[in-house]
Number of protein chains: 2
Amino acid sequence: MGSSERKERQKAQLQQQILDAAKEITIRDGFAALTMRKIAQAIEYAPGTIYLYFESRDEIAIQLCRQGYQELFECLQPTMNIADPRDRLRAIASAYSDFGLTNPATYRLIFMEDPKFTNAALSQVPIDREDGAGMRSIQLLVKVFDDMKADRMLSSDVNSARLAEIFWTSLHGILSIKLTFPGFLTTPSEELVKIMTDTFLAGLSPDLSL
Amino acid sequence: MGSSERKERQKAQLQQQILDAAKEITIRDGFAALTMRKIAQAIEYAPGTIYLYFESRDEIAIQLCRQGYQELFECLQPTMNIADPRDRLRAIASAYSDFGLTNPATYRLIFMEDPKFTNAALSQVPIDREDGAGMRSIQLLVKVFDDMKADRMLSSDVNSARLAEIFWTSLHGILSIKLTFPGFLTTPSEELVKIMTDTFLAGLSPDLSL
DNA sequence: TTTATTTCTGAACAATGTTCATTGAACTAT
DNA sequence: ATAGTTCAATGAACATTGTTCAGAAATAAA
């Protein structure tokens, strides 16, 4: 005995191989072109084999989502070190839009594709019992506004979670339009994000503007 | 002769019938469930017949988009009568989000589905040689900011088109998240839209806020 | 009525996700 | 070592998709 652990390892390895292949195809050809047969060809197995490791194409998509949330969170995390909440908000906005523009396929998948995937991925709580990466990314924003309150930049009776939702959706709006209709908006993304952020900050605390 | 006109009419009639059936299916089951065979069954023709009236499923989608832009514009148009630019902006925001929440399938199709459809539909200029409904909807927003400038609510050196893009994308962000992950945002759409709009207005002209 | 044209059909094709009886290799027990 | 068992892997098969096209049916022209 004792070989069962190797089995487990091999299983996990092929599982990861499938996910890697799926990710590459999604990045290269878009999620709609992600085909079970293409994955099979990439990992050099028969199509049916994939079903021994994943329940369905949907489940693969969900796992890709989870991975995507993680990557996004890792892009945002470094901003946590910025002390000034307003500067931090600007940095988050910048990092977030960078992520979306640099990884359009991933961004589409985690926020713009079938709700099925996103909801399943968001509600899956990882091993460490903490919230998933998606939730933690939102928390980053909530903390910005909480810190602004602590620094008296913001009235203490405004709802931080609410502001976080508004800021995030605004950011997402810019990105999703940029990704869906490249060239339709005449203003570059960076500028849109910058003006949006500054206007938002000015709107929050008019007396402190600039 | 003279029957050629009737032919034209009959052709246009069946074409419209196909679009109507397609729209109903899209509204009922979502765009992904819009199947050529389902359309054929709905209009009681063989699947192949549809191809005598439309080049492909994509072309049907594009026509549905055009129709969708028209409907959206008609929802926004009444706001043009509101004299005060700020009130008008609030009314546009409200009408826009109402449209999206009331017609989720249409909204998804015209702004969140394949860029192919949207781009083709947006670049198609209608018979009257004016801009399409999509463009005219954006113009509505641009005018708001132009009017604000005229009323000295806004510095004359800000770019109205830019502000229109930012406001629209922010609005779209709220809607697209609400449509894709219903229940994920804890705040009701109306409130998000309201706070976003007020914050935006406050950010534009801090001295005039409220 | 006969001929020509147009409209429509429905079988067929390739590609999709998914299933499952069969294979064959690796592991276990004797 | 041999026999038995397990289990990963196969690849043919199924249903469903968009799309095509030779031929049937209906309509118009002569």
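Residue numbers start from 1 in every chain, and the chains themselves are labelled A, B, ... in the order their sequence lines are given, proteins ahead of strands. No experiment lies behind these values; they were computed from the predicted model shown.
- Spacing between atom CD1 of A:I50 and atom C1' of C:dG17 amounts to 10 Å, rounded to whole angstrom units.
- In this structure, CD1 of B:I39 is placed 13 Å from C1' of D:dT19, rounded to the nearest angstrom.
- Residue pairs meeting the salt bridge (Lys or Arg N to Asp or Glu O under 4.0 Å) criterion with at least one member in residues 52-65 of chain B, sequence neighbours excluded, are B:D58-B:K116.
- Atom P of nucleotide D:dT10 and atom CD of A:E44 are separated by 10 Å, given to the nearest angstrom.
- The side chain of A:L52 lies closest to D:dA9 when the candidates are C:dC8, D:dA9, D:dG18.
- In this structure, the nucleotide among C:dT9, C:dG17, D:dT19 sitting nearest to the side chain of B:R57 is D:dT19.
- Atom P of nucleotide D:dG18 and atom CD of B:E59 are separated by 15 Å, given to the nearest angstrom.
- Going from atom NZ of B:K38 over to atom P of D:dT16 covers 11 Å, rounded to whole Å.
- When each of C:dC8, C:dT16, D:dT17 is scored by its nearest atom to the side-chain atoms of A:R37, the top-ranked nucleotide is C:dT16.
- Between B:F54 atom CZ and D:dG18 atom C1' there is a gap of 16 Å when expressed in whole angstrom units.
- Among the protein residues, A:L34 comes within range of the sugar-phosphate backbone only, with heavy atoms under 4.0 Å from sugar or phosphate atoms but none that close to a base.
- Distances from the side chain of A:Y53 to the nucleotides D:dA9, C:dT16, D:dG18 place D:dA9 closest.
- Among D:dG18, C:dT9, D:dA9, the nucleotide with an atom closest to any side-chain atom of A:L14 is D:dA9.
- Checking the phosphate oxygens (OP1, OP2) of D:dA8, no side-chain nitrogen or oxygen of A:T49 falls inside 4.0 Å.
- Residues A:E74 and A:Q70 bring a donor and an acceptor atom of their side chains to less than 3.5 Å of each other.
- Protein atom CD1 of A:I25 is 11 Å distant from nucleotide atom P of C:dT16, rounded to whole Å.
- Here D:dT10 presents its P atom at 13 Å from CD of A:Q41, a figure rounded to the nearest Å.
- Between the side chains of A:Q67 and A:Q63, not a single donor N or O lies within less than 3.5 Å of an accepting N or O.
- Using a cutoff of 4.0 Å between basic side-chain nitrogens and carboxylate oxygens, B:D87 and B:R90 are scored as salt-bridged.
- Distance from the side chain of A:M36 is smallest for C:dT18 among the nucleotides C:dT18, C:dT9, D:dT19.
- Checked against the 6.0 Å centroid threshold, A:Y96 and A:Y107 count as a close aromatic pair.
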